[in-house]
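Computed over heavy atoms, backbone and side chain alike; hydrogens, waters and symmetry mates excluded. Naming convention: chains lettered A, B, ... in sequence-line order (proteins, then strands); numbering from 1 in each chain.
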Amino acid sequence: MGQTHTAEIEHDATHPQKSKLAPDFQICLNDSRTLTFFAMHENTNAETTPPNPERKTLDDRAKMTELERIRHSAAHVLATAILRIWPDAQFAYGPPVENGFYYDVELPHRISPEDFEKIEAEMKKEIKANNPFEKLTVTREQAIADANSGRLGGLTERPNGASKFKLDLLKQIPEGEAISYFKNGDFIDLCAGPHVMRTGNIGAFKLTSVAAAYYKGDEKGPQLQRIYGTAFKNKTAMDEYFKMLEEAKRRDHRKIGAEMGLFAIDTEFVGPGMPLWLPKGTVLVEELEKLAKETEFAAGYVRVRTPHLAREKMYKTSGHLPYYAESMFPPMTMVEEDNKKRLHELEQQEADIASKLRNQLKNLTPDLAEKDKEVLMLRTVMGKLQFDQGLLSERYYLKAMNCPHHHRIFAAEPHSYRDLPLRLAEYGTCYRYEQSGELFGLMRVRSLNMNDAHIYCTEEQFADEFRAVNDMYLKYFKIFGLEKYQMRFSTHAAEGLGKKYVNEPELWKKTEDMVRKVLIESGINYVEVANEAAFYGPKIDVQVWSAIGREFTIATNQVDFAVPAKFGLTYRDKDNSNKTPLCIHRAPLGTHERFIGFLIEHYAGNFPLWLAPDQVRVITLNDDEALINYAKGIVSELRTQGVRAEGEYGTDPMKAKIANAEQLRVHTMLVIGARDMEAGAVSVRLHGKGNVGAKPKAEAIADIVASIKERRAN
RNA sequence: GCCAGCGUAGCUCAGUGGUAGAGCAAUAGUUUUGUAAACUAUCGGUCGUCGGUUCAAUCCCGACCGCUGGCUCCA
């Protein structure tokens, strides 16, 4: 069975807690960032531990692998070491995570990597001492008393520093559940375990980084210092891990992108997160679009094109405004010069009223989302006021998603059930104002080109359409040699109905059943995750693993049974009634930015011939005129057949020309000298594979053309 | 946005409280070559930006911008 149902893994490092604020407005395709390494040689299901640990049951804990126990134990040793240096440290959570462990600590001293050596030295002492991890079961009263005395998460009692986080954690332990400590040396921690037997069982470890982290992941809670480290059974395993990190660094898309001249990010003039596609990167973009267009055409899609802007009304109707205004670029407001002053006054009034309203609401409603909604509603009203007063002629937004435009295309013409399914496809350009700390090379950007399409269909057609979309994913995976992939099937949770999710319990159930059925029937590897759906329907995130086992979330596929209604989209059904279509949002190739970023790493820049920006380079042995003419003829034949071929005829030593081409990752080099010319042949050299021998010119060209046409894997 | 680290030529990196170097790349010559690098010369930097300390700042301090690792967020 390919499926692993892991509903008990509520979340993992790649899917941090969802927004507390209006998660019910996830309209379009999630471009979520996921870049985590899989723990080597360990099982691939249980390695993830929540960054903001919700309570794990004791059963969950018992399932910890040996490596996780080592890492969790290393976290205790880390705390022990920190306390020896800074006895006042207060500890919160210290779990194992995908590639190691961390411990969240509150400490006036700002720990920097310079401190690592000192901390590691203390850790080594504790490991050398080979203290046993002793489990002590205590009563709740005892635990509370120990926390109050500062003993928990400490080496001694600390009269001036109660273990406040441990105290808080105690409150979360349900009545009746056993409360236990783990003790190594003098260090006692509130902990359910399990651990390795002795500190000496931690074979190898290293501290890796320090970061800020909010207590329980709550932005409004105290900010702690999170010390990350990694630990392994032995040094060999750890060395292997760091070797893998090195390899990943070597394949980093930013590095290879620069080496190959694929893209540039001009933060000074264009802006952060807005990549420029250089000529060679554009080749990749266009090859992918070509692939998508062919595939979609064959699957019955039609193409549309839409502007990058839309009026405010569009996003009010879709529901993106006012809730998601902050994630969109601020609107372009056209204001008459005379009205600027009046507008400014109105904005001041708005700010005043909003601030008063906030204060009034502070005690009335503890639910922040509600409060913000009120304020945002006010903004909407004010916006209308401004508009009514003629102060604003227009307000336009850069689109952050394509769906509303596509909905308007659907609305532009009347539709009969006979028109459905209608599959509108577009490589749409979107702009999202991602927070500055989020930007990352091509992986997280502010301008993105999405392999988008919206399928409008009837309920009866849904299963077939959904299956076809999945088939398309599989087809792509095959082309790119992706052997490992997984779909995360996110469903709703009953308690969220009417709040987080549209209150259509039956439609939810029905749609989810349909989706699940298709997934199972297609034998697709998926996990089901409760309570992470979009507000309008279940969704599927697609995770793939690159050649070196790095995970990427590159696409989503969502079912929408709500938004088409907001736009009043209908079709005329057989019974002459108007019905609202279902809408499937899908983007198998995600965005160009992320997908190409992924491909760069997956192939380490060594693209298959059909994708390679430099497909063929004809290299002459010298600059003999007849030889150059022979070479030019070959280049010209190749180019006539659409092959990206260039000639290198200069007087540089052939070895230098080859080295140059290898460095640029030219896929195929045709090296020719007098010998080849006389035989009407070429010597074929493949990037990274070396000389593969001479063959007749026509044969070589035919091979190249065929490989490209078939999009062969290498 | 938050915490930490980083920012020297197109790239990879040295370096010092007294206004900067190397290799590669680029350019110009020479070289006429059988599968990963021929030789010589030249060009190239307001040392991220702006302030401060100092006789003097690339170096010390501060702010800002950007990048990176995390956190938060992610339509």
Counting heavy atoms from C-beta on, name the nucleotide in [options] closest to the side chain of [X].
X        : options             : result
A:Ala212 : B:G69, B:A38, B:C2  : B:C2
A:Asp652 : B:A38, B:U35, B:C71 : B:A38
A:Arg675 : B:G34, B:A36, B:C73 : B:G34
A:Tyr214 : B:C2, B:A36, B:U35  : B:C2
A:Ala659 : B:U32, B:A36, B:C73 : B:A36
A:Arg444 : B:G34, B:C73, B:C67 : B:C73
A:Ala213 : B:C71, B:A36, B:U32 : B:C71
A:Pro272 : B:G66, B:U35, B:C71 : B:G66

Which whole number of Å gives the distance between the [atom1] atom of [N] and that of [M]?
N     : M     : atom1 : answer
B:G45 : B:A25 : C1'   : 16 Å
B:G66 : B:U8  : C1'   : 16 Å
B:U19 : B:C59 : P     : 14 Å
B:C60 : B:G7  : P     : 10 Å
B:A56 : B:A63 : C1'   : 23 Å
B:C47 : B:G17 : C1'   : 15 Å
B:A14 : B:G48 : P     : 14 Å
B:U32 : B:G10 : C1'   : 30 Å

Check whether any side-chain N or O of [X] sits under 4.0 Å from OP1 or OP2 of [N], and answer yes or no.
X        : N     : result
A:Arg254 : B:U68 : yes
A:Ser209 : B:G70 : no
A:Arg685 : B:A36 : yes

Integer-rounded Å distance: [N] [atom2] and [X] [atom1]:
X        : N     : atom1 : atom2 : result
A:Tyr228 : B:G69 : OH    : C1'   : 9 Å
A:Phe101 : B:G70 : CZ    : C1'   : 15 Å
A:Phe440 : B:C74 : CZ    : C1'   : 16 Å
A:Arg446 : B:C67 : CZ    : P     : 8 Å
A:Lys657 : B:G34 : NZ    : P     : 11 Å
A:Tyr433 : B:G1  : OH    : P     : 6 Å
A:Met677 : B:G34 : CE    : P     : 16 Å
A:Glu434 : B:C73 : CD    : C1'   : 8 Å

Would you call the rings of A:His308 and A:Tyr431 parallel, tilted or perpendicular, where under 30° means parallel and over 60° means perpendicular?
->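 Aromatic pair A:His308/A:Tyr431 classed tilted.
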Watson-Crick or G-U wobble partner of [N], both distances under 3.5 Å:
N     : result
B:C2  : B:G70
B:C11 : B:G23
B:A63 : B:U49
B:U40 : B:A28
B:A57 : none

ring-ring contact (aromatic ring centres under 6.0 Å, His included) evaluation trace for A:Phe607 with A:His687 | CA-CA 10 Å; A:Phe607 297 103; A:His687 169 60; over 10 Å; no
Given that A:Val671 and A:Asp623 both sit by RNA chain B, which one's nearest nucleotide is further toward the 5' end?
->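 Looking at the nearest nucleotide for each, A:Asp623 comes out on the 5' side.
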Comparing A:Ala656 and A:Thr267 on RNA chain B - which has the more 5′ nearest nucleotide =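 It is A:Ala656 whose nearest nucleotide is closer to the 5' end.
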Remember a base hit wins even if backbone is also touched, and classify [X] as base, sugar-phosphate or nothing at under 4.0 Å, heavy atoms.
X        : value
A:Asn660 : nothing
A:Gly441 : sugar-phosphate
A:Ala694 : nothing
A:Thr208 : nothing
A:Gly690 : nothing

Would you please say whether a donor-acceptor pair under 3.5 Å links the side chains of A:Thr429 and A:Asn449?
->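 Judged by distance alone, the side chains do pair up.
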Between the side chains of A:Asp676 and A:Tyr630, does any donor sit under 3.5 Å from an acceptor?
->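 Note: A:Asp676 and A:Tyr630 side chains miss the donor-acceptor criterion.
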Does the ring center of A:Tyr456 lie less than 6.0 Å from the ring center of A:His406?
->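 When the ring centroids of A:Tyr456 and A:His406 are compared, they turn out to be at least 6.0 Å apart.
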Is the shortest side-chain N to carboxylate O distance from A:Glu259 to A:Lys255 below 4.0 Å?
->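 Result for this pair is yes, salt bridge flagged.
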Are the side chains of A:Leu169 and A:Tyr93 in touch, meaning some heavy atoms are under 4.5 Å apart?
->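 Yes, side chains in contact.
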Any side-chain heavy atom of A:Thr620 sitting closer than 4.5 Å to one from A:Tyr649?
->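 A side-chain contact exists here, since the closest heavy-atom pair is under 4.5 Å.
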